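Encoded as C-alpha cells, the structure appears first; notes follow it.
Since this is a predicted model, take the numbers as computed values, not measurements. Ligands are counted one by one from 1 in listed order, and the atoms in each one are counted from 1 as well.
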Amino acid sequence: MDFFSVIESRRSVRLYQEAPIEPEKLQKVLEAADLAPSAGNLQGYEIYLITNLEQRQGLDQAAYGQTFISQAPVVLVFCANPGRSSVRYRDRGRKLYCIQDATISCTFAMLAAQALGLSTVWVGAFNDDAVRQAAGIPAELIPVALLPIGYGAESPGRRPRRPLNKIVHIL
Ligand SMILES: Cc1cc2nc3c(=O)[nH]c(=O)nc-3n(C[C@H](O)[C@H](O)[C@H](O)COP(=O)(O)O)c2cc1C
C-alpha cells in the first residue's frame, strides 16, 4: 500500500477476529516501531508485547472495561522510560522527550500494522498502575499507550476532522 493510502485508510477498530497475527508481520510492526525518531536517538521508551489472554483481560480492566482490547490477539504497551532520556536531557528528557519518543514509536507501529492489512486502536484511557500490574511493567516506566493489533472485524467509515483552515494558522 502506498504511504498516503495507509494514512487515509486507517481507522480505530474496536472489533477483532480471533485469527492470530503472522509472526513475520508482527516482526515488521516491531521493526517499524524501532525505526521511529527519538530525542538524541536515545529511544526513551520500552515496548511490552502481550499475547497472554489473562494479561490482555487485565488490560481491559486497567482501561476501565474496554473489552475490545483483549479481543485483539496482540497488545503492545508503549511506555516512556524517563531514566533513559534524562541522562542527557535532564528535566526536559524526563517530562517531555520520553513521552514523545514512546508516542512516535507507537504511531510508527500503528501505521506499519495498517500497511500490513492489520487493524489497531490507540488506547490512552487507563489507570497507569493497573496497566503496570497487568503487564508486569516496572514502576519507573510510564505507560503511554496501549495498541491492540489484529485482523479487524468491522470497517468503520472515516471520522470527521477539523477543517485544515481551523487547525493551520498561516502567519
Ligand atoms: C491519545 C489518544 C487516546 C485515545 N484513547 C482511546 C481510548 O482509550 N479508547 C478508544 O476506544 N479510543 C481511543 N482513542 C482513539 C480515538 O478515539 C480515535 O483515534 C478518534 O476517535 C478518531 O478516529 P479514527 O482513529 O478512526 O480516525 C485514542 C486516540 C488517541 C490519539
Side-chain angles (χ1 to χ4, degrees), residues 1-18 21 25 29-30 32-39 43-51 53 55-82 85 94-135 137 141-168:
M1 224 192 297
D2 123 278
F3 179 72
F4 290 96
S5 307
V6 171
I7 291 184
E8 283 161 18
S9 61
R10 187 209 57 80
R11 303 281 184 275
S12 291
V13 166
R14 299 179 178 88
L15 205 59
Y16 293 92
Q17 302 173 29
E18 276 182 26
I21 300 177
K25 287 195 176 185
V29 168
L30 296 171
D34 189 40
L35 287 173
S38 64
Q43 298 191 272
Y45 59 89
E46 313 293 330
I47 304 170
Y48 285 75
L49 192 162
I50 315 291
T51 54
L53 179 61
Q55 285 183 308
R56 276 149 52 207
Q57 286 171 339
L59 292 174
D60 287 350
Q61 295 320 308
Y64 311 112
Q66 300 192 71
T67 50
F68 52 80
I69 296 170
S70 66
Q71 259 184 30
V74 171
V75 184
L76 299 181
V77 183
F78 287 82
C79 299
N81 185 343
S85 303
R94 191 185 344 269
K95 290 184 183 154
L96 181 64
Y97 291 165
C98 62
I99 307 283
Q100 292 184 335
D101 288 357
T103 305
I104 299 167
S105 178
C106 185
T107 306
F108 272 44
M110 175 182 244
L111 294 177
Q114 180 68 24
L116 293 164
L118 296 161
S119 295
T120 62
V121 55
W122 189 296
V123 175
F126 51 75
N127 176 284
D128 291 5
D129 281 332
V131 166
R132 284 191 192 97
Q133 201 176 344
I137 295 169
L141 301 184
I142 305 165
V144 169
L146 312 181
L147 192 69
I149 309 177
Y151 285 97
E154 63 170 0
S155 303
R158 193 170 185 160
R159 272 97 188 196
R161 292 293 194 263
R162 293 164 67 195
L164 264 189
N165 64 4
K166 299 281 184 214
I167 293 185
V168 180

Measuring from non-hydrogen atoms of Phe126 to any atom of ligand 1, is the shortest distance under 4.0 Å? no
Just need the protein heavy atom nearest to atom 18 (C) of ligand 1, so name the residue and atom and give the distance. Ser12 OG, 3.3 Å
Find out whether Pro82 and Ile142 are in side-chain contact, i.e. whether some heavy atom of one side chain is under 4.5 Å from a heavy atom of the other. yes
Any luck finding a side-chain donor-acceptor pair between Tyr48 and Glu46 under 3.5 Å? no
Could you check atom 23 (O) of ligand 1 against the protein and tell me its nearest heavy-atom contact, residue, atom and distance included? Arg159 CD, 3.5 Å
Crowding at CZ, Arg159 (>12 non-hydrogen neighbours, <6.0 Å): yes
Out of all atoms in ligand 1, which are within 4.0 Å of some heavy atom of Arg14? Include the element for each. 10 (C), 11 (O), 12 (N), 15 (C), 16 (C), 17 (O)
Would the number of heavy atoms belonging to other residues, nucleotides or ligands and lying under 6.0 Å from CG of Leu53 be above 12? yes
For the residue pair Leu76 and Leu146, establish whether any side-chain heavy-atom pair is separated by less than 4.5 Å. no
So for ligand 1, is Gly124 a polar contact partner (N or O within less than 3.5 Å, distance only)? yes
Judged by modelled atom types alone, do Ser9 and Gln114 share a side-chain donor-acceptor pair under 3.5 Å? yes
Within 4.0 Å of some non-hydrogen atom of Arg161, the atoms of ligand 1 are 22 (C), 27 (O)
Is there any N or O on Arg11 that sits under 3.5 Å from an N or O of ligand 1? no
For a quick test of reading the model, state the closest non-hydrogen atom pair linking Val121 to Leu147 and the distance between them. O-CD1, 3.7 Å
Looking only at distances, can you tell me whether any N or O atom of Ala125, backbone or side chain, sits closer than 3.5 Å to an N or O atom of ligand 1? yes
Within a distance of under 4.0 Å, is there any protein heavy atom near atom 13 (C) of ligand 1? yes
Look at atom 7 (C) of ligand 1 and find which of Met110, Gln66, Arg158 reaches it with the closest heavy atom. Gln66
For atom 4 (C) of ligand 1, the protein heavy atom that lies nearest, with its residue and separation: Trp122 O, 3.5 Å
Whether the Asp60 and Gln71 side chains hold a donor-acceptor pair (N or O, under 3.5 Å, no angle test) is what I'd like checked. no
